[in-house]
Structures are given as structure tokens and as C-alpha cells.
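The shown structure was predicted, so the numbers you read here are calculated from the model rather than taken from an experiment. In what follows, every chain begins at residue 1, and chains take the letters A, B, ... in the order their sequences are listed.
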2 protein chains.
Amino acid sequence: MAEQTLRQFLQSAPIGSAFGGDDGDVDFLDTLPRFYSPSAVISRQGDTNSRIFIVASGWASIARHLPNGNRQIIDTPLKGDVLGMPSSDGGSINSLVAVSEVSVFEVPGLPFAKALDHHPALGALFASMIARQHSIAAERLTSVCRRSALERTAHFLLELGERLSAGGTSTQLGYDCPLTQHDLADVLGLTQIHVNRTLRELREREMVSFRSGSVEFINRQKMTRLAGFDKGYLQYNLLNAPKKSGIQKLPHTSTRQTIL
Amino acid sequence: MAEQTLRQFLQSAPIGSAFGGDDGDVDFLDTLPRFYSPSAVISRQGDTNSRIFIVASGWASIARHLPNGNRQIIDTPLKGDVLGMPSSDGGSINSLVAVSEVSVFEVPGLPFAKALDHHPALGALFASMIARQHSIAAERLTSVCRRSALERTAHFLLELGERLSAGGTSTQLGYDCPLTQHDLADVLGLTQIHVNRTLRELREREMVSFRSGSVEFINRQKMTRLAGFDKGYLQYNLLNAPKKSGIQKLPHTSTRQTIL
DNA sequence: CGAGCATTTGACACGTTTCAATCTCTGTGG
DNA sequence: CCACAGAGATTGAAACGTGTCAAATGCTCG
């Protein structure tokens, strides 16, 4: 897999935007991603220079750190996920850290804001992408509030599988996952110890096995039922994709749609 | 307060966008909000016609309903909050319900998508607004995962105060809140019964009183400390606001910035 | 071979839920 | 004008899920 420019990346899977063809004057579209090693800090809570990030490959995590030393992982951005919105006088409120080897496109805030003025489709594209991130957060909120540790963990592992398969790094059988049990705990609002117990139970109940960096589905259907998982909230739903009508082809997916 | 068109609304507080001045061809900008009575369903989970909503006044709630009958309130949109993104083949994933008397601007999806093509600032504006909603959701996720019932409840009441004051319906002393304890529970991931106990404790500890639809701050500083509340995540952070430079005036607020 | 980190397991504590009942208010019809 | 119904709020007691504390195991890398 050769390196892609941001322009090419936005046009290919999983985003598949029509944008970028005739916008030769937008410099940052022709940049290549930057690479980070595991646990490298891509953007620190409090950083002042604003950038927008688009994950090209690998796993990252965005976390909010609390005064008491706890952290909450808001999400684990994967291929095709956007994060960060330009800020002008302050810094980012979240920390972005590499989990595995990651490559990310970094777009500086000011050029981005300038490009928006002349390229309508760019704003629409980003609005859609951010709306998708928001939909993911809303589902996680639901999970954390109304599902048990077991359901919640199953739900998250299914979500990851779904999101990864859009980028081609997951199959029906499973995927590689560089998250530690501690990371999982910080995503799911549990303790590492309880995550451990929960993963054991999921294994004993013959739904998934997650050991040594590898998630293997055993009975995906049973798991989906337990978790109440419906991938509808994960759809990429580009505003500007269909230039013609309201009828838009989506690649072999469910009926539900991503909304706010 | 006379009725405003969407155009006027976007230009005034709390959003204060520069957008709309010379876009006479965008019809929906000159529409008036629509009114709903308490508990009226504005948009149902599963609805097919896509619209974007912008709350002009009053309280609403967006909720995701689970198969088991539970609901999770993702947020309680207030004056200036946007929700919904056009979908093309499916329906909204969330239900939008009026809590108090609400007025909302409703923009049909297709005209909106069309307008985006010709008005760069529109996409940027919406991207910013959605990013703010996302930031609110991220903070709630943090709250729900890492703060106790007491801290979480205090945090939410402070957040509401802050958000309302941007729209002028809250003071340092308190505000009117039409949410029931049951609603609060569905926001905070608690049971109604525990919300009741928690509110009592906040009253006994002399931080806030929330009785018969009225929130009264007793010791806001103590409360802010308990909750670990920092309003940074609530800023409106418009991409397209400052036409000139990176230095943007924000009205008497903290240093932190809203990010994804 | 030992250091350090991730995982695993057990026992116990605690916060929150669940179940059950009572109470208060508000609006409504007799 | 009072009785009543229904929704929301309040309180108590017991059950349960998850956190906390403590310790051992396994793995990887120098």
C-alpha cells in the first residue's frame, strides 16, 4: 500500500467523498500523513497551535484528563476518523496519543479555515465527518449509562470490528487490537480489573476471545444480541456525496442511518 | 422579543456568526421557528424525512431508545443548539422531544445540502456547531464514567447554567429548569430515586437547591470545585468568525477552548 | 536473570439499583 | 367546594454490580 495524499485518502474508502478533484489551490490536500510510534503524543491537552487530524492508518486515542489523575478515553480514532477543530486562543481540551503505529494527516487550522471560504464541499465534508464522530460518542454514552459491563464490552468490541472492516483491517472472524485492558477500562468506564473479569466471561460464554492483542469472534450473533448492537450509528453519511438526488448508494450496509 | 428569522438568529447571541448577510438566495434562512408544546415529538426515532433542527428557545431532549424500553437522553438542546444531519435512505436514530415550550428552526435536508454547495461559510458554521455538541457529549461521557452521582449531578446543573446564560435565561443565582428527576436520571445514567437522594444531598451540603422547576445556586464555588467543572468545553468556536487573523475575541470566559 | 508492565485471581467494601410504600401537588369532575 | 386521580417526589430496606485492596503470575526486553 503506497502512501496516499490527503486528497486521495478522502476520495477512497472508507470516506469516499467526491471532494477534491478540482481544488488544485488547496495545498494541504496534497500532503502526506505523518507517522507516530506507540504512545507518542500527537497533540497534548493544552496545546496552543490548532490542527485538524485525520487518521490514515493505525490506532490512536483521544482522552480527557481529570484533575484527580484519571483519564477518560473519549474514543479510539481509526482509519478515516477526524478530530480536532481549530481553536484560536486556547489549546485543545483533549490529548491525542498513538496506541499502535499510526499515520495521521495534520491540517493546520488557519489554512483549513481559509480553504473553507472557497470550497463549499470541504465544510460539508467535515461537518459530516464530525457528525459521525458525534454519533459514535452518543452511542458510547448510551452504552455506558444503560448497558452492563458485559453488554458494554461486547458492544465496543463489535463496534471496533465494524469500524475496522470499513478500512479493511477486520474480518467476520476478528481483528488485531492493540488496546490494553487498562485502555479498554478507560474507554468503557470500568476498572482494568473488571474488564479482565468481563473478558473472561465473554470467553466462557463463547462469544469473543480477546487475548494477546487479538479479538476473535466465537459467536457473533449471540454477542450482537447480548449487546443490542445495531451498526446504524456508524454509517458515513456525506452531505455532499450525491450531486444529483436524494438517493445515495451505500456499500452493503444496514438500513439505519447516521445522525447527530 | 419579536420573532426572528433563522438568518437573524444565527447572527445574534449566542451563536453570533458573520454568516448570512449577502446570501439572499438561501430561502430557509428567512423562515421563522416552529413551536411545540411540552412532550410534543419533534422528530421520532425512525423518521424518514431528514431535517436539521436549531433550537430557538425553550428546552428539548434528544434520546436514543433501547430495545428493553430504557431511554438514554443524549442531551437537552437549548437555545442555539443544532441537531440532526440529513440522511438519505434511513431515518433519524434519535428522538427529539419538547420538554418545555420550544421553538425550533427546521431546515429540510435537501435544500440545506444544496445551499452548502454555494455558501462555504454555511458548512463551516455547521461544522463548528456540531463540534460543540460533540464536545458537550464528550464531557458528559467523562462525567458519567469518572464522576460520582453527586459530582455528576452538580456538573450537569452547572453546565446547564452556563449554557443557558449564553442565551440569557440564567443568572449567577440560578435558572428555571423544566426537567423532571426522571429526565435528569436519563441524562446522567442514574435512577430517578438516586437522583432524588443526590439532589437532597446537594441541598444539605448547601451547594444547589433544585425544587419545583427552579435551580438555585447556594454556593457555586464549592459546587464547581466538587464537580471539577471547567466551562472551557462549552465555548462556541466558530471557524469562520474572524475574517482577519487568528486572534478572536471571546466574551469574558475562561482560557480553555472547545475542541472535538 | 531480573525489571517492568500487562494480566489474572480472591476477598471484601461501597455506591447505586431495586422493590415497595407513602406523600405532595395539581387539575378535574361530581 | 370537595373527592379523586395521576404524575412527580420522597423515604426505607435489602440486593447486586462494580470498585478497591492485595498478591501472584506471565511475558518481554535488556
Side-chain angles (χ1 to χ4, degrees), chain A residues 37-39 59 61 66 68-73 97 99-100 143-157 176-205 208-216 226, chain B residues 37-39 59 61 66 68-73 97 99-100 143-157 176-205 208-216 226:
Chain A
S37 301
S39 80
W59 295 60
S61 72
L66 295 170
N68 64 17
N70 271 142
R71 69 169 177 169
Q72 175 61 39
I73 296 184
V97 175
V99 173
S100 66
S143 229
V144 157
C145 287
R146 297 293 172 220
R147 288 190 247 257
S148 70
L150 198 70
E151 297 166 342
R152 204 187 305 175
T153 307
H155 191 280
F156 183 59
L157 293 179
D176 290 337
C177 173
L179 299 173
T180 65
Q181 292 185 354
H182 191 90
D183 293 333
L184 264 185
D186 284 347
V187 170
L188 298 171
L190 299 167
T191 57
Q192 176 270 319
I193 293 165
H194 203 67
V195 166
N196 182 287
R197 291 195 260 255
T198 303
L199 289 176
R200 168 153 49 96
E201 189 170 349
L202 285 172
R203 217 181 305 123
E204 285 168 359
R205 289 214 203 173
V208 237
S209 150
F210 180 9
R211 308 194 88 141
S212 54
S214 162
V215 173
E216 290 166 23
L226 170 80
Chain B
S37 301
S39 82
W59 295 60
S61 71
L66 295 170
N68 63 18
N70 271 142
R71 68 168 179 172
Q72 176 61 37
I73 296 184
V97 175
V99 174
S100 66
S143 228
V144 156
C145 287
R146 297 294 172 219
R147 288 190 246 256
S148 69
L150 199 70
E151 297 166 343
R152 204 187 303 175
T153 308
H155 191 280
F156 183 59
L157 293 178
D176 289 336
C177 173
L179 298 173
T180 66
Q181 293 185 353
H182 191 91
D183 293 333
L184 265 185
D186 284 347
V187 169
L188 298 171
L190 299 167
T191 57
Q192 175 270 320
I193 294 166
H194 203 65
V195 166
N196 181 288
R197 290 194 255 257
T198 303
L199 289 176
R200 168 154 49 97
E201 189 170 348
L202 285 172
R203 217 181 307 124
E204 285 168 359
R205 291 215 202 170
V208 236
S209 150
F210 180 9
R211 308 193 87 142
S212 53
S214 161
V215 173
E216 290 166 22
L226 170 81

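- Residue Gln181(B) places at least one side-chain N or O closer than 4.0 Å to OP1 or OP2 of dT10(D).
- Interatomic distance, CG of Leu199(B) versus CD of Glu204(B), reported as 11.0 Å (0.5 Å rounding).
- Note that CG of Leu150(A) is 8.5 Å distant from NE2 of His194(A), once rounded to the nearest 0.5 Å.
- For the pair Leu199(B) CG and dT11(D) P, the computed distance is 12 Å after rounding to whole Å.
- Partners of Glu151(B) according to the side-chain contact (heavy atoms from CB on, under 4.5 Å) rule, which considers only residues two or more places apart in sequence or in another chain, are Arg147(B), Ser148(B), Leu226(B).
- Under the 3.5 Å distance criterion, the side-chain polar atoms of Gln72(A) are matched with a main-chain donor or acceptor of Val187(A).
- Rounded to an integer number of Å, the gap from Gln192(B) CD to dA7(D) C1' is 11 Å.
- Partners of Asn70(A) according to the side-chain contact (heavy atoms from CB on, under 4.5 Å) rule, which considers only residues two or more places apart in sequence or in another chain, are Leu66(A), Asn68(A), Arg146(B).
- Here Arg71(B) pairs with Asp183(B), Asp186(B) under the side chain to side chain donor-acceptor pair (under 3.5 Å) rule; sequence neighbours left out.
- Rounded to the nearest 0.5 Å, atoms CZ (Arg211(B)) and CZ (Arg200(B)) are 10.0 Å apart.
- The nearest whole Å value for the distance from the CG atom in Asn196(B) to the C1' atom in dA7(D) is 14 Å.
- A distance of 8.0 Å separates CG of Leu157(A) from CG of Leu188(A), quoted to the nearest 0.5 Å.
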Can you tabulate the close N/O pairs, meaning under 3.5 Å, that link protein atoms to atoms of nucleotides 26-30 of chain D?
none

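- Residues that satisfy the side chain to side chain donor-acceptor pair (under 3.5 Å) test with Ser209(B), not counting sequence neighbours, are absent from this structure.
- In summary, contact between chain A and DNA chain C, defined as any nucleotide atom under 4.0 Å from a heavy atom of the protein, begins and ends at dT7(C) to dA11(C) in the 5' to 3' direction.
- What you find for Arg152(A) and Gly189(A) is that their closest heavy atoms are NH1-O, 3.7 Å.
- In terms of the side chain to side chain donor-acceptor pair (under 3.5 Å) criterion, residue partners of Arg205(B) (sequence neighbours excluded) are, by chain and number, Glu201(B).
- Dashed line: the shortest gap from a side-chain N or O of Arg203(B) to OP1 or OP2 of dA9(D) is not under 4.0 Å.
- Contact check of residues 148-157 of chain A against DNA chain D (heavy atom, cut-off under 4.0 Å) returns Ser148(A), Ala149(A).
- Computed from coordinates, the Phe210(B) CZ to dG8(D) P distance equals 13 Å when rounded to whole Å.
- Annotation: the span from His182(A) atom NE2 to Ile73(A) atom CD1 amounts to 8.0 Å, rounded to 0.5 Å.
- Here the straight-line distance linking atom CD of Glu216(A) with atom CZ of Arg203(A) works out to 10.5 Å at 0.5 Å rounding.
- Looking at residues two or more places apart in sequence or on another chain, you find a side-chain contact (heavy atoms from CB on, under 4.5 Å) between Pro178(B) and Trp59(B), Val99(B), Ser100(B).
- Inter-axis angle, ends of the helix from dC1(C)-dG30(D) to dG30(C)-dC1(D), five pairs per end, rounded to 10 degrees: 30°.
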Restricting to nitrogen or oxygen on both sides, can you table the protein-nucleotides 19-21 of chain D pairs closer than 3.5 Å?
from: dG19(D); atom 1: OP2; to: Thr191(A); atom 2: N; distance (Å): 3.3
from: dG19(D); atom 1: OP2; to: Thr191(A); atom 2: OG1; distance (Å): 3.1
from: dT20(D); atom 1: O4; to: Arg197(A); atom 2: NH2; distance (Å): 3.1

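- Residues Leu184(B) and Phe210(B) have side chains in contact (heavy-atom distance under 4.5 Å, counting atoms from C-beta outward).
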